[in-house]
Every structure is written in C-alpha cells, then in structure tokens.
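Whatever order the structure lists them in is the order used to number ligands and atoms, beginning at 1. What you see is a predicted model; the values in this text were computed from it and never measured. Along the sequence shown, the residues carry numbers beginning at 1.
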Amino acid sequence: MTTDCWRLDSFAQTLVLAATDARLPEVVYWGAPLPRATDLAPIARAHAMDRTGGMLDANAPLSICPEADRSFPGQPGLSLRDADGRVLRPRLRLVEVEAARDRLVVHCADADLGLRYAARFEIDPDTHVLGLSAEIESDAPVIIDWLAAPVLPGPQLSDEMIDMAGRWIGEFRPQRTPWSSGIRLRESRTGRSGHEHFPGLIVPGRGTTDTRGEAWAFHYGWSGGHRMVAEELPDGRRQIQFGHASATELAPVTRAATAQLLASYSRAGLNGCAIAFQRHIRDRVVTWPDPDRPRPVHYNCWEAIYFDHDVEDLKAIADRAAALGAERFVLDDGWFGRRDDDTSSLGDWWIDDRKYPDGLGPLIEHVHGLNMTFGIWFEPEMINADSDTHRAHPDWAMGPRDQIEGRQQLVLDMTREEVRDYLFDRIGAVLRDHPIDYIKWDHNRLLPYPDAEQTRGIYDLLDRLRAAHPMVEIESCASGGGRIDAGILSRTQRVWLSDSNDAVERLRMQHEAALFLPAAITGSHVGPRRAHTSGRVHDIRFRAWVAAQRHMGFEMDPRELTEEEAQVLTRVTAWWKNNRDWTMRADIHRLDSADGAVIAEAQMAPDGGRFVVFAGYAESAAQILPRPLRLTGLDPEASYRVALVNPEDLGVLSRGPLALKDGALDLPGGYLMSHGLHLPSAFPDTMWVLEGTRL
Ligand code: DGJ
C-alpha cells in the first residue's frame with residue numbers, strides 16, 4: 001500500500017490530501033495550521049478509522065468525489081449517465097497531481113469509460129480562503145445529473161449547521177439545523193441563487209460564537225442555483241458537497257465543471273470565516289474598474305417616483321440629493337419603451353420620448369452639473385409579452401407559453417446568441433450615447449426552469465459588456481437580494497441586499513450578510529420616512545446610521561425631508577465620506593451582544609489602528625440597564641481612545657452620569673474585550689456609533 005500526501009496552507013489553516021494506491025485522494029485534515037515540518041504520512045495513517053461488527057470489511061473512503069461503486073454509504077460526488085440514459089459508475093484512478101505552493105490539481109481518469117476528472121484546490125495566502133472546483137471530460141457525451149466540487153469532510157465536533165433562508169424584503173435569515181443522521185439538502189431550483197437560497201453554509205464548532213471558537217464556512221460561486229448536501233453517514237462520518245443545482249445541464253455534454261466553492265476555517269469564531277470571505281470577495285472576486293475611486297454616495301429615485309418620470313421633478317430631486325451629499329444619481333425603472341407600470345415594455349430598451357422628449361441628455365447634464373455621475377436601470381434578461389420586442393420575437397422567451405408569469409414578465413432565452421447580441425447592442429447603444437458610469441442590473445422573477453446554460457449566457461453578456469465598457473460599474477439586483485453569490489460578484493461591484501429600506505430590517509440583514517459580504521459591495525439606502533415595504537416610521541438618525549454601515553445611498557424623495565432631517569442626513573453622510581477611505585476596506589467583526597435587543601458590529605481598519613462600533617437597538621431591551629458591549633479584535637495590551645460619535649442622539653431615557661457622555665475614554669484593549677463598554681440607555685431604533693483609536 002502506498003500513500004501520497006499533499007498540503008495547502010495559509011496563516012490560519014492547513015488542508016492535507018492523501019491518496020492511497022492511486023485511488024481518489026481524501027481530505028484527511030482541514031483545520032488549524034500544522035507545523036511546516038510535519039510529516040504528513042502519519043497524519044494520513046492516523047486518519048483511518050476502526051471498524052466493527054455489522055459493517056463492511058473496510059470503510060469506503062470519503063474521498064474528494066465519493067464513488068458510487070465503492071460501497072460508499074452516502075451521496076456520491078458524481079452521478080452520470082450515458083447519452084442513452086444508462087447509469088455510469090466511474091472507477092477513477094489517480095493519474096497525476098500538479099502541486100505548487102498555493103495550488104493542487106488532482107487528475108484522475110477512468111480509461112474504460114473514456115472519462116477524465118480534475119479537482120482544483122487553491123489557497124489564497126492573504127485572504128485565507130480556499131477555492132475548490134471540479135471538472136469532468138468525457139470522450140462520449142454524457143448526461144450529468146450531479147457533479148460536486150471537491151468534497152470536504154464535515155467536522156465531528158459540531159452540533160449544528162447555519163445556512164440562510166430568506167424571502168423578498170426579508171433576505172439573509174439564518175437557520176440553525178442540528179446535525180443528525182441523514183442529509184440536510186439545500187437546493188435552489190429557481191434558476192438563480194435566490195432570496196431563499198443564498199449558497200452558503202457555516203459549520204460552527206461546539207460552543208462557537210461570533211468571536212470565539214472554531215468554524216468552517218462555504219460559499220458556492222454560481223448564480224444559477226446551487227445544491228448543498230450536508231450528510232451524516234450511517235457510520236457517523238460527515239461530508240459536505242456543493243455544486244450546481246442537480247440536472248441543470250439539460251443536454252449531454254463532453255465537458256462540465258463546477259463553479260468555485262470558497263471555503264475557510266477559523267479559530268476566531270464565525271468572524272474568522274466572515275472576515276476571510278469579506279476580504280476575498282472585495283479583493284479577489286470583485287474586479288473594480290477603478291480600485292482607487294472612493295465608493296460614491298448613491299441617490300436612487302425608485303421609491304421617490306416609481307414609474308412617474310418627469311424631467312423637471314427629477315432635476316429638483318437631483319438638486320436636493322446633491323446638497324445632501326449624493327455623488328451618483330441612479331435613474332431606476334421607467335425610462336424606456338412605454339413603461340408606465342410593470343405590465344409592459346421590458347425588452348424595449350429605447351428612451352421613452354413622452355417622458356424624455358429631448359432624450360436623457362438634459363437630465364444627465366443637470367446631474368453632472370451637480371458633480372454627480374449618472375447610473376441607469378436595466379432588466380436585461382426579461383421581456384414583457386406587451387412589448388414591441390416580444391411581438392417581433394415571440395420565440396425569444398424561455399419556457400412554455402402557458403407558464404406562470406412573474407411580475408407579468410417572461411425570461412429571455414439567454415442561451416440564444418441573437419438574444420445576447422440584441423441586448424449587447426441595445427445596452428451598448430445607451431452606454432455609448434450617454435456618459436453613464438453605472439448599471440443597476442435587475443432580475444425580478446425566477447426562471448420557468450433551471451438551466452446552467454442560461455446562467456452561462458448571462459455571464460457571457462456581462463463579460464462582453466464589461467469588456468466593451470470597462471469603466472462602467474454594475475449592481476446585481478434581483479428584487480433586492482435574489483442574486484447574490486460569488487459568481488455574479490465576479491462580474492459586478494455592488495449588490496442590492498434587499499428591497500426593504502426599513503432600517504430595522506436592514507440592520508438585521510446587513511449583520512447576517514456580513515458573514516459572507518464586505519461593506520464596500522453591500523448597498524444600503526436611507527429610505528422614506530415611512531418605509532414602503534413595512535409601513536413603519538423610523539427617525540432619520542437611525543435610518544442614516546444604518547445606511548452608513550455599508551455602501552451608503554438615499555432612496556427617498558429628498559423633498560420630503562424637514563430642515564432638521566436634512567441636516568442630520570447631511571451630517572451623517574459627511575461622516576461617512578470622511579471615513580470611507582478606511583471603513584470600506586475595514587473588516588466587519590460581528591460582536592457577541594449580551595443584550596438580545598442590540599445588534600452590534602465593529603469595523604476594524606486593516607492595520608488595527610482604528611475602529612468604529614455600530615450598536616443598533618432593534619427592539620426594547622429586556623432589562624432596564626444596557627448590558628456592556630464587549631469588543632473584539634483588539635490588542636489586549638494596547639490602549640484605545642473611545643468616543644461616542646453621536647452624543648446629539650442622547651434622549652430622555654439616558655439620565656445617568658455615563659462616562660461616555662462626558663467625552664472620550666482611554667481604555668485597555670483587554671478591558672474592552674473582557675468587560676465591555678457601558679452604552680447609554682436608548683429607545684428602540686437608536687444606533688450608537690463609537691469611534692476608537694489605538695493610542
Ligand atoms: C426591483 C428592485 O429591487 C427595485 O429596487 C427597483 O429597481 C424595481 N425592481 C424596479 O422595477
């Protein structure tokens with residue numbers, strides 16, 4: 001018996017692969033860093049488990065692609081049929097491993113079936129994220145029912161899994177499910193990643209919190225719907241598989257590949273994985289047209305005017321938005337075709353000359369005159385039956401004619417080249433004819449059926465447009481957060497987290513999304529005084545500070561603001577602009593809040609020299625005195641000067657001699673992390689903002 005071993009390392013994790021007798025390798029270790037000099041052979045040997053009565057004579061390996069024909073007692077990593085539908089059971093043999101410092105490529109083959117399988121493992125030494133993908137090639141066309149990215153073992157000292165559910169105006173709702181014998185299956189069959197199916201998983205070690213303990217986390221970078229299998233085998237071992245939603249390669253193929261599965265291990269609580277993902281998405285996945293350009297404050301007109309476009313109104317709105325501090329004006333839905341409501345015109349991407357008799361030029365010039373750039377809304381993949389484009393090309397719509405529509409719209413068949421060419425030309429013409437630096441790219445219904453080729457078509461269109469217009473930034477919006485994943489983020493620079501601008505909802509969603517997403521790409525807008533999606537009224541202070549936690553923008557009609565509200569918003573926006581050079585590059589540490597009413601985070605500058613804490617009261621506290629808020633990620637030996645940024649928000653509830661109310665406090669990092677800070681009493685819907693500087 002011969003065993004070969006390989007390892008990948010970052011400063012905070014080691015992964016070891018071992019292959020015995022030229023069979024598919026297994027991940028025999030994934031956890032805390034192992035010493036560089038470690039002899040890996042004993043690690044591989046020690047990985048073998050005992051067996052007892054009532055079992056097979058050997059434990060079937062939990063390899064990077066568990067094989068159906070090896071008596072593996074769980075889900076295989078690959079399910080194939082030949083073009084006639086007969087089940088194939090590949091017996092893959094290891095051919096070669098290409099090993100570099102930060103990369104392993106495992107090549108396997110089944111010569112009898114004419115199949116080749118390759119698994120790629122990459123580790124980013126700086127962001128400390130693993131990227132895993134698998135690829136299959138076949139001499140003859142095969143039907144791919146399931147292809148998993150390289151399979152990782154599920155940790156044993158873990159009691160539960162955290163994944164995300166959600167819905168329109170209620171995205172990023174974590175669910176905790178206990179491990180138990182059998183499968184936890186998450187599968188998005190909606191043709192997009194979806195509000196309900198963010199493609200991520202976190203496996204916390206026993207007792208792990210945001211700031212302490214072990215965690216293993218995953219994020220599958222595909223926008224066409226993913227499948228996750230987290231399985232506890234009958235023998236107690238656990239495996240984690242991610243891939244495209246099953247059977248979404250609709251035709252036999254000779255080549256198929258998974259998207260990249262991002263994975264990270266942490267000994268610093270959930271935050272260790274969250275920060276690795278935040279950095280990786282921001283610095284590796286997203287490509288910025290101009291990385292040095294500060295994130296501009298957005299103004300988006302959707303909730304101000306909906307479809308009611310009037311140039312003079314829009315100019316007046318732009319004037320107010322600019323005075324408040326906006327730097328980019330985004331013209332939302334309603335500027336094209338005859339789009340007076342959401343029943344018509346998707347697909348007719350030419351300017352509505354009833355609303356814009358002189359074209360978009362006068363509005364854009366006005367916006368530019370206010371020192372704002374101009375962005376515009378498209379929903380390229382969709383078409384209304386009531387549109388000239390659909391009347392001319394009824395065959396361009398995907399799915400049967402009697403399908404259930406969504407928002408009265410159909411989906412364009414993006415697998416067709418002429419459809420992509422049409423969209424490339426129409427969108428390209430608008431971008432060519434106008435100085436536009438931003439597209440809000442919407443996607444307001446799920447697909448009639450999932451099809452991986454459709455997703456590749458969308459990616460192709462985005463890639464062509466980006467190549468032709470490299471300075472244009474794109475926002476991924478899908479009725480809010482219906483398409484957020486590392487696949488779309490490799491082609492866009494911002495996500496619209498939710499259609500809910502309700503500040504309490506947003507506070508909660510932003511907090512959960514930070515497990516995967518950085519601040520710089522997470523759009524957050526100050527909505528109308530009465531939130532359009534909840535009917536709730538929130539004070540401008542709270543709305544403004546919640547938006548200031550992420551990539552800030554406004555979305556109300558600014559003419560509704562009172563003088564006082566405008567002053568507050570101007571002040572908070574100025575604070576955001578003064579700090580964005582470092583906050584938009586900061587790590588978001590979620591804080592273990594002792595008070596269930598408080599949702600809190602610290603944004604820490606990369607060099608650890610400064611931080612800002614946001615502590616938001618999402619409801620009224622159960623006890624009368626606020627519980628101290630423990631910070632994290634500080635140097636216990638260093639001292640920090642901590643000050644309340646918004647003492648003007650102190651209200652009638654705060655009557656005591658709280659030190660923070662008298663000015664800055666110098667406190668040791670160890671104290672701030674062990675004892676925590678006493679915050680002022682506050683009404684629900686209050687945000688305390690604290691700045692800290694290392695002395
Ligand atoms: C859904 C988006 O999420 C909204 O922000 C807005 O752009 C509308 N679509 C426009 O139809």
Between the main-chain N or O of Asp163 and the side-chain N or O of Arg176, is there a donor-acceptor pair closer than 3.5 Å?
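Not at all, since once roles are kept as given, no pair shorter than 3.5 Å links the two residues.
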Criterion side chain to side chain donor-acceptor pair (under 3.5 Å) against Asp587, the qualifying member of Gln603, Gln278, Arg279
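With Asp587 as partner, Gln603, Gln278, Arg279 yield a single side chain to side chain donor-acceptor pair (under 3.5 Å), made by Arg279.
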Ion pair present between Arg293 and Asp437, side-chain N to carboxylate O less than 4.0 angstrom?
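Answer for the salt bridge query: yes.
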Over-ring placement of Arg491 relative to Tyr459, 6.0 Å and 45° cut-offs:
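Judged by the rule (NZ or CZ under 6.0 Å from the ring centre, within 45° of its axis), Arg491 counts as positioned above Tyr459.
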Could you verify whether a donor N or O on one side chain and an acceptor N or O on the other, from Gln510 and Ser524, lie under 3.5 Å apart?
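Yes, side-chain donor-acceptor contact under 3.5 Å.
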Could you please provide the protein residues found below 4.0 Å of ligand 1 on a heavy-atom basis, arranged by chain and number?
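Residues Trp302, Asp332, Asp333, Trp377, Arg407, Lys440, Asp442, Asn444, Cys477, Ser479, Gly480, Trp496, Asp499 each place a heavy atom under 4.0 Å from ligand 1, listed by chain and number.
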Can you label the angle between the His226 ring and the His197 ring as parallel, tilted or perpendicular, going by 30° and 60°?
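The rings of His226 and His197 stand perpendicular, inter-plane angle above 60°.
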